[in-house]
Amino acid sequence: YEETDPYCCGIRPAENETLFHFRNFLAEMPRKGRKYGFEELSPNKTAQQLFAHLREGDKIALTGRFTAEAASNYTAALRNRGITCREIDGQNNMQDFCFLMSGTKEFAGYTMSSFA
């Protein structure tokens with residue numbers, strides 16, 4: 001991780017932005033994910049419970065290994081609460097890691113994630 005390396009750091013988080021690393025284990029391991037306990041909170045539980053402390057107008061950036069459909073479900077649930085949400089996509093693994101390391105407000109992720 002080298003913050004000044006352009007290969008390492010692509011997109012940067014805003015200073016007042018919560019970062020959420022969504023792994024999407026069930027898309028990666030559709031047959032064995034649940035068997036081994038690799039599950040995330042649903043989009044609604046994520047918006048209502050994990051981020052219950054956030055207020056309308058607060059900002060979240062989603063990054064991780066997700067399909068467009070899975071990401072849009074989380075984004076919609078967060079936006080339904082009035083939270084501004086953007087999806088960080090198209091970066092390589094190192095750029096995602098750098099993005100997460102560059103955050104200054106708050107980071108949320110799953111304990112089984114290789115980034116958390």
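Computed from heavy atoms alone, side chains included, the values below leave out hydrogens, waters and symmetry copies. Note that the numbering runs from 1 along the sequence shown for the chain.
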(request) Taking all heavy atoms of Ser102 and all of Arg12, pick out the closest pair and write down the distance. (result) OG-NH1, 3.4 Å

(request) Kindly say whether Glu15 contributes a backbone atom to a donor-acceptor pair with the side chain of Thr104 at under 3.5 angstrom? (result) yes

(message) Using side-chain heavy atoms (C-beta onward) and a distance below 4.5 Å, is Lys59 in contact with Asn16?
(response) yes

(message) Could you measure the distance from the OG1 atom of Thr84 to the CD atom of Glu56? Nearest 0.5 Å is fine.
(response) 9.0 Å

(request) Step by step, work out the side chain to side chain contact (heavy atoms under 4.5 Å, CB included) result for Asp58 and Thr18. (result) CA-CA 8 Å; Asp58 283 347; Thr18 295; over 6 Å; no

(message) For the CZ atom of Phe97 and the CD atom of Gln91, what is their distance to the nearest 0.5 Å?
(response) 13.0 Å

(message) If I compare all heavy atoms of Leu62 with all of Cys85, which pair ends up nearest, and what's the gap?
(response) CD1-SG, 3.7 Å

(message) Please report the interatomic distance OG(Ser42) to CD(Gln49), rounded to the nearest 0.5 Å.
(response) 7.5 Å

(message) For the CG atom of Leu19 and the CG atom of Asp96, what is their distance to the nearest 0.5 Å?
(response) 11.0 Å

(message) Can you confirm whether Phe20 sits close enough to Thr46 that some side-chain heavy atom of one is under 4.5 Å from a side-chain heavy atom of the other?
(response) yes

(message) Donor-acceptor check, side chain of Glu87 to backbone of Thr75, threshold 3.5 angstrom: yes or no?
(response) no

(request) State which residues pass side-chain hydrogen bond (donor to acceptor under 3.5 Å, both in side chains) with Arg86; sequence neighbours excluded, sorted by chain then number. (result) Glu17

(message) Can you give me the closest heavy-atom contact between Ala77 and Ala47, atom names plus distance?
(response) O-CB, 3.5 Å

(request) Enter the distance from Leu54:CG to Lys105:NZ here, rounded to the nearest 0.5 Å. (result) 5.5 Å

(request) Calculate, to the nearest 0.5 Å, the distance between atoms CG and CZ belonging to Leu78 and Phe51 respectively. (result) 6.5 Å

(request) Taking atom NZ of Lys45 as the centre, report whether more than 12 heavy atoms of other residues, nucleotides or ligands fall under 6.0 Å from it. (result) no

(request) Work out which heavy atom in Ala61 is nearest to a heavy atom in Phe99; give both atom names and the distance. (result) CB-CZ, 3.7 Å

